[in-house]
Structures are given as C-alpha cells and as structure tokens.
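These notes concern the structure reproduced below.
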There are 2 protein chains.
Amino acid sequence: MAWPQWRSRDLDVATPMPVVEMATVERNITRLQRACDAAGVANRPHIKTHKSIAMARLQLAAGAVGLTCQKLGEAEVMADAGFDDILISYNILGSAKLKRLSALAARVKLAVSCDNVPVADGLSGAMADADAPLAVLVECDTGRNRCGVVDPAVAADLAGRIAALPGLRFAGLLVYPPNGPPAATRAFVDEVRRLCAARDLTVETVSAGGTPNIERIGEAGETEYRSGTSIYNDRQMVELGAAAPEDCAVFVHATVVSRPAPGRAMIDAGSKALTSDLAGFKHFGLLVDYPCARLYQLAEEHGFVDLADCPASPEVGEVVRILPNHVCPVSNLFDRIALVRDGRGAGMLTIDARGKVA
Amino acid sequence: MAWPQWRSRDLDVATPMPVVEMATVERNITRLQRACDAAGVANRPHIKTHKSIAMARLQLAAGAVGLTCQKLGEAEVMADAGFDDILISYNILGSAKLKRLSALAARVKLAVSCDNVPVADGLSGAMADADAPLAVLVECDTGRNRCGVVDPAVAADLAGRIAALPGLRFAGLLVYPPNGPPAATRAFVDEVRRLCAARDLTVETVSAGGTPNIERIGEAGETEYRSGTSIYNDRQMVELGAAAPEDCAVFVHATVVSRPAPGRAMIDAGSKALTSDLAGFKHFGLLVDYPCARLYQLAEEHGFVDLADCPASPEVGEVVRILPNHVCPVSNLFDRIALVRDGRGAGMLTIDARGKVA
C-alpha cells in the first residue's frame with residue numbers, strides 16, 4: 001500500500017498530534033467537487049470532519065454552494081466566519097436552542113432537517129415572527145436506522161404539516177443512504193415526490209450524503225450532496241474502498257515513550273488523542289510504518305502496541321504515524337492540529353468548531 | 001440501585017451536557033482524603049479526571065499535598081493557577097517537551113516518573129544547568145503491563161543511573177497496581193527497596209494509585225496515593241464495586257430528538273459527547289432512568305437507544321441522564337460543564353486542562 005513517505009526530522013511537533021497533508025486535502029476537495037459537478041448535484045460539504053473555517057473556505061473556493069453542519073453550535077461558528085448558506089442536518093428542539101436557531105436564521109440562508117411533529121411544531125413556534133420562513137427538509141430513513149421517517153406516506157404527511165405551519169417552508173427531503181447502490185433510497189424518494197405532488201407540495205431539494213457513496217452521487221435522485229470524511233479520509237474509508245492509501249490526509253503522530261518488554265511498545269497517544277472508536281476494526285488505529293504492529297489497547301494517555309510479529313520495531317523516542325480508524329472524532333479532540341505541505345511543516349490549523357456538540 | 005433523584009425542569013442546560021452534582025463531589029473528595037489519612041499516606045489526586053482548577057482547589061483544601069498530572073500540558077495549566085507541588089506520572093522526552101519541563105521545574109516543586117535509560121538521560125540533559133535537581137521516580141510495572149520496569153533488579157539499576165546523572169535526584173518508585181489486593185506490588189516494592197539499600201540509595205517516596213483500590217490504600221507500602229476517577233466515579237467504578245450508585249457525581253444529560261420506530265429512541269449525545277469507550281461494557285453508557293434501555297450504537301452526534309424491553313419510554317423532547325462508562329475522557333470533550341447542588345443549577349465549571357495531551 002502506498003502510504004505517504006515522510007521523514008520525522010522534517011517535522012517538529014509536540015506529540016500526540018494529528019498532522020494534515022495539505023496537498024492531499026486539496027486533491028480530496030477537488031475529487032468531491034468533480035464528482036458532484038459530473039452528476040449535476042450541488043456540493044454542500046459537511047464540516048463535522050474538519051470543524052475548521054479555513055478548510056470550509058477551501059471547499060467553497062472549489063465550488064461548494066454552502067455548508068452542512070450537524071449541530072447548531074457548529075453552524076454559529078461558521079456563520080460568525082461569514083458563511084451565509086448553511087444546512088443543519090439535525091432535529092433542533094428545546095426553547096434555548098430554538099431561540100438561537102431563529103437568531104441564526106435572521107442572518108444566514110438556513111435550512112434544517114426534521115423527522116417528527118413535535119420538532120416541526122417547535123420550529124414553527126420559534127419562527128412565527130420571522131421575516132422569512134425557515135426552509136425545512138423532511139428527514140427520511142432509507143435503511144440506516146438512525147433518524148428519519150421510515151414510511152413515505154408519513155413523510156408526505158409531515159411535509160404537509162410543515163407547509164401549513166407558520167414560519168416554515170417545506171423545502172424537500174434529506175436522506176443518508178446506506179453504503180452501496182442507493183436503489184432503495186431512490187425508490188423511497190420517488191414515492192415521497194409522488195405523494196407530495198398529489199398534495200401540490202414541491203420537493204425542491206433532495207439532500208443525500210456519505211463519503212462511502214461519493215462515486216454514486218446523483219443515483220439516489222438527490223440535488224445536493226453532503227460529504228464530510230472525504231476531505232481527510234481514514235482507515236474506515238480505505239477498508240470500504242472509498243479511498244486509497246494515498247488519499248489519507250491525516251495521521252496522528254505519536255512518540256514511543258517506553259519499550260517495557262521485548263514485544264511491546266508504549267506510545268503517547270491514548271484514547272484522549274485517538275478516541276476509542278473501533279469503527280469495526282479490532283485495534284485502535286493502524287501504524288502505517290509498522291503494519292505488523294497491533295495497537296491493541298488504549299489508556300487515556302497511553303497506546304499499547306504489540307510488536308511480536310514485527311521484523312523491525314521502533315525504539316524509545318521514535319515518532320510513529322497512526323492512521324485513525326475514524327478521523328472525525330479525532331480532530332474534535334484538539335484545539336489546533338499541524339499542517340504539512342509535501343511533508344514539510346506548514347503551520348497550525350485551528351479547529352474552530354471543536355467541541356460544539358450543542 | 002439508588003441513583004440520585006432529579007427533575008429535569010429544575011435544570012436548563014443545552015444538551016448534550018455533563019452535569020456534576022457538587023454535594024457528591026464533596027463527599028467523594030472527603031472519602032478519598034479520609035482513606036489516605038487513615039492509612040498515613042499522602043493524598044496526591046490525579047487531575048486527569050476533572051482537569052479543573054476549581055476541583056483541584058477543593059482537593060487541596062481537603063488535605064491533598066499536591067497534584068498528579070499525566071501530561072506536561074496539564075501540569076503547566078495547574079502551575080499557572082498557582083499549584084506548586086506537582087507529579088507528572090509520565091515519561092517525558094523530546095527536546096521541545098524537555099525545555100518546557102525544565103522551565104516548569106524552575107517554578108514549582110516537580111517530580112516525574114521514568115522507566116527507561118533514554119528518558120533518564122534526556123531528563124538529565126534538560127536539567128543539567130538547573131539550580132536544583134529534578135525528583136525522578138522509577139516507574140515499576142507490577143502487573144498492568146503498561147509502562148514500568150518489569151524486573152526489580154533493572155529498577156534498582158535505573159535508580160542508580162538516575163542518582164548518578166547530573167541534574168536528577170532519585171526520589172523513589174511509582175506503581176499503578178492491578179485492581180485487587182496489592183501483594184505482588186508490595187513484594188516488588190520491598191525487593192527494589194532492598195536492592196536500593198544495598199547501593200546506598202534511599203527510596204523516599206512510593207507513589208501508588210488507582211480508584212478501584214482506594215479501600216486498600218497503604219497495603220502496597222506506598223507513601224503517596226494518586227486517585228483520579230474517585231472524585232466523580234462512573235459506571236465502571238460501580239461495576240467494580242469501588243463506588244455505589246449514590247457516589248456517581250456526573251451524568252451526561254441528553255435530549256430525545258426522535259422516536260423513529262416504536263422500540264427506538266435517538267438522543268443528541270453521540271461519540272463526540274460520550275466517547276466510544278466501552279470500558280468492558282456492551283453498550284455506551286447507562287440510561288439510569290430507563291435501566292432497561294440499551295444505548296447500543298453511537299454516531300458522532302446521535303445515540304441509538306433500544307427500548308424494546310422498556311415498560312415506559314421517553315418521548316421526543318424528554319431529557320435523559322446517562323451514566324458514562326468511563327467519565328475521564330468525557331469531561332475532556334467539553335470546554336465547560338454544568339454544576340448542580342442538591343439537583344439545582346449552580347453555574348458552569350471550566351475544564352481548564354481540556355485537550356492538554358502533550
């Protein structure tokens with residue numbers, strides 16, 4: 001596998017530290033934009049992966065129409081930075097958040113998703129006095145069993161209710177198709193379209209998403225696409241065939257702090273740097289320079305590495321690179337992460353929306 | 001089980017949010033201090049759990065002699081806040097960190113642990129020109145298979161090397177005994193003491209730690225104790241019998257955002273609020289008000305709750321409390337967390353050392 005080459009002496013970062021290769025980031029941004037352009041689908045990248053104003057600016061410069069955020073707090077950070085077209089793909093509820101939402105809607109072009117009546121009613125209550133109605137997408141579950149209406153008829157009913165509620169505008173549908181050919185999603189979306197047409201409701205936008213499916217953009221009948229992970233990629237995306245090794249932009253750099261026993265190394269990256277997200281793997285990340293090594297356990301600030309099967313092994317003081325299983329929650333652990341360009345230090349990146357979970 | 005009573009209407013926090021009951025925190029701090037006092041062992045609580053200056057002050061006020069930090073960045077935050085007696089229970093290496101370490105040693109009473117020769121040599125290099133030598137504890141592994149010298153003779157050799165190196169002072173041993181009676185740790189410590197005495201080296205301090213063993217403080221022959229989790233406790237500590245339900249001080253509050261199918265609820269706490277740390281459990285936390293519910297999956301911002309076995313179940317908008325499997329990495333995800341006293345709002349707590357992993 002063609003992992004990026006590197007020499008640790010070219011870098012001087014305090015470990016543990018995620019290091020982002022900007023040349024790869026730029027290729028990845030271009031790849032997503034081209035896939036959207038080829039399908040005639042608007043690109044609305046999800047900022048949950050990078051949570052960075054600078055990265056979002058690169059995405060807009062490449063042709064994205066706006067941003068997707070998962071939480072209100074992320075959207076507020078992006079609005080403060082001047083982004084003026086934002087989708088929050090989440091059910092927003094509770095009086096405190098609804099007040100923040102209506103304030104946000106007054107200053108940017110905002111859309112939200114909704115999959116149930118109490119959320120629709122709450123949104124309407126918050127927007128009743130607004131100058132313009134809030135665009136609301138009905139979230140439909142086409143197989144992930146997460147959020148979303150599970151029946152097209154119920155989706156059309158909810159669309160009708162949203163269209164009738166003061167302060168809201170039914171703007172379309174939001175789906176997050178399972179990985180693989182999106183035939184079931186397409187059928188669901190087509191059926192909701194038919195039921196909405198029978199009520200004189202227009203399905204203007206269909207928002208789909210997911211990095212594993214970026215080679216299938218457009219096949220679900222979507223008009224917009226949300227992809228987060230593709231800007232960085234990770235071990236999970238390589239495993240799924242959605243990225244090649246050379247598409248992985250982020251490696252967590254860690255230092256070997258101890259070799260307490262012949263077949264074992266301890267590194268300074270634990271669950272507070274790598275997260276405990278196994279993402280379906282048996283171990284907590286891949287040491288790309290020692291692929292025979294197994295990162296079999298994490299304490300908060302220690303990674304336990306089994307080197308029993310390794311012909312060569314790192315000594316105390318050596319910096320190793322770890323491809324995270326799932327990169328999105330990793331960047332969320334750091335205030336700033338290191339940038340490189342062609343392997344050489346290129347400054348630090350602020351994770352502006354880190355920790356904005358509410 | 002006697003989980004704390006509460007009424008969600010008494011609180012108005014934006015979920016997801018860890019909520020800390022101060023009455024429980026104060027009882028937990030007192031309990032640890034009394035256990036140390038009863039054993040004649042100094043209390044040096046580990047700040048990795050709370051990462052908070054205010055919480056550390058309460059621990060000092062109760063009788064702690066100083067603080068334990070796992071990383072240099074945590075120790076710098078605590079030193080900046082005026083704490084002047086700090087143990088960093090970690091191998092520090094690399095030129096950038098060693099420079100920071102020597103600067104820190106110039107302004108507080110500092111000790112560090114060390115389990116190998118390259119680390120000892122690096123510490124000596126950094127401290128060679130210091131006014132006073134740096135106290136170094138030899139870390140010994142007595143069964144956790146993490147860091148630490150695994151052989152008493154090698155520990156004594158390392159002690160001798162540290163004692164001979166410029167800028168360093170051999171100050172004793174650091175152990176992290178496995179859960180349960182610490183007979184093996186005691187034997188290891190006694191043997192190193194004997195070997196050190198034969199070299200005219202004094203083992204002044206023996207630092208032991210771990211919340212599961214706080215009822216056994218002193219039994220390993222320690223002079224100081226490091227406990228982190230006991231200030232809050234969590235599901236893991238209840239499972240281990242180290243805490244009762246009423247000793248748990250932190251619950252993550254989350255809102256039900258969707259009931260997409262009869263047996264399922266979606267909550268607004270996912271892996272970016274709860275972490276993916278299973279800590280040996282099958283699910284990602286315990287919904288204490290619905291003990292029959294299973295938090296079986298996490299996306300970054302969604303928790304998937306199976307309610308199939310529940311006689312009663314929460315509706316959209318209801319706030320539920322989750323006892324985290326492992327509390328320490330949870331508070332590390334938030335800039336500020338909510339405080340209550342006797343169930344009523346008592347302000348916010350800043351997590352001063354959040355994200356200080358380097």
Side-chain angles (χ1 to χ4, degrees), chain A residues 12-17 48 70-71 73 90-97 100 115-119 122 139 141 145-150 255 257-261 264 266 268-273 275-278 299-302 304 315-317 326 328-329 332-335 354-355 357-358, chain B residues 12-17 48 70-71 73 90-97 100 115-119 122 139 141 145-150 255 257-261 264 266 268-273 275-278 299-302 304 315-317 326 328-329 332-335 354-355 357-358:
Chain A
D12 185 22
V13 296
T15 61
M17 176 58 75
K48 62 157 186 146
Q70 198 73 335
K71 292 290 181 89
Y90 211 85
N91 287 327
I92 306 289
L93 73 173
S95 58
K97 282 188 190 159
R100 288 163 54 197
D115 79 352
N116 64 69
V117 169
V119 167
E139 181 167 2
D141 179 8
N145 300 315
R146 197 167 84 172
C147 282
V149 176
V150 297
T255 301
V257 294
S258 183
R259 288 294 314 268
R264 180 157 52 92
M266 301 301 301
D268 62 0
S271 65
K272 285 177 176 169
T275 82
S276 303
D277 198 336
L278 283 166
E300 288 159 58
E301 303 288 9
H302 290 94
F304 298 62
E315 290 309 312
V316 169
H326 185 191
C328 310
N332 185 52
L333 289 169
F334 292 82
D335 291 319
R354 182 205 49 70
V357 290
Chain B
D12 185 23
V13 295
T15 60
M17 176 57 76
K48 62 156 186 148
Q70 198 72 337
K71 291 290 182 90
Y90 212 85
N91 286 327
I92 306 289
L93 73 173
S95 57
K97 283 187 191 160
R100 288 164 54 197
D115 79 352
N116 64 69
V117 168
V119 167
E139 182 167 359
D141 179 8
N145 300 315
R146 197 166 84 171
C147 281
V149 176
V150 296
T255 301
V257 294
S258 182
R259 287 295 310 270
R264 180 157 52 92
M266 301 300 302
D268 63 359
S271 65
K272 285 176 176 169
T275 81
S276 304
D277 198 336
L278 284 166
E300 288 158 58
E301 302 289 9
H302 290 93
F304 297 61
E315 291 309 311
V316 169
H326 185 191
C328 310
N332 184 53
L333 289 170
F334 292 82
D335 290 319
R354 182 205 49 71
V357 289

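The figures here come from the full heavy-atom set of this structure, side chains too, leaving out hydrogens, waters and symmetry mates.
B:K48 has a carboxylate O that lies under 4.0 Å from a charged side-chain N of A:E300, or vice versa, which qualifies the two as a salt bridge.
In terms of heavy atoms, A:G148 sits closest to B:P260 at O-CB, 3.6 Å. Closest approach of A:V357 to B:K272, counting heavy atoms only: CG1-O, 3.6 Å.
If you tally non-hydrogen atom pairs under 4.5 Å between each of A:V119, A:I92, A:V13, A:D268 and chain B, the highest count goes to A:D268. Ranked by heavy-atom pairs under 4.5 Å with chain A, the first of B:A269, B:P16, B:G270, B:G355 is B:P16. Top candidate by heavy-atom pairs under 4.5 Å with chain B, chosen from A:R259, A:R354, A:Q70, is A:R354. If you tally non-hydrogen atom pairs under 4.5 Å between each of B:V150, B:N332, B:V117 and chain A, the highest count goes to B:N332.
For A:L93, the part lying under 4.5 angstrom from a heavy atom of chain B is the side chain only. Proximity to chain B involves both the backbone and the side chain of A:V257, based on heavy atoms less than 4.5 angstrom apart. With a threshold of 4.5 angstrom between heavy atoms, A:P118 approaches chain B through side-chain atoms but not through N, CA, C or O. Only the side chain of A:K97 comes within less than 4.5 Å of a heavy atom in chain B; its backbone stays farther off. Residue A:T15 touches chain B through both its backbone and its side chain, counting heavy-atom pairs closer than 4.5 Å. Using a 4.5 Å cut-off between heavy atoms, A:D141 touches chain B through its side chain atoms alone.
Considering only heavy atoms from C-beta on, A:E301 stays 4.5 Å or farther from B:C328 through its side chain. For the pair B:L333/A:L333, a side-chain contact is recorded, criterion being any heavy-atom separation below 4.5 Å from C-beta on.
A donor-acceptor pair under 3.5 Å links the side-chain atoms of B:R264 to the main chain of A:N145, judged by distance alone.
Atoms OG and NE2, on B:S271 and A:H326 in that order, are 6.5 Å from each other to the nearest 0.5 Å. Taken to the nearest 0.5 Å, the CG atom of A:N116 stands 10.0 Å off from the CD atom of B:E315.
A donor-acceptor contact under 3.5 angstrom links the side chains of A:S258 and B:D115, judged on distance only.
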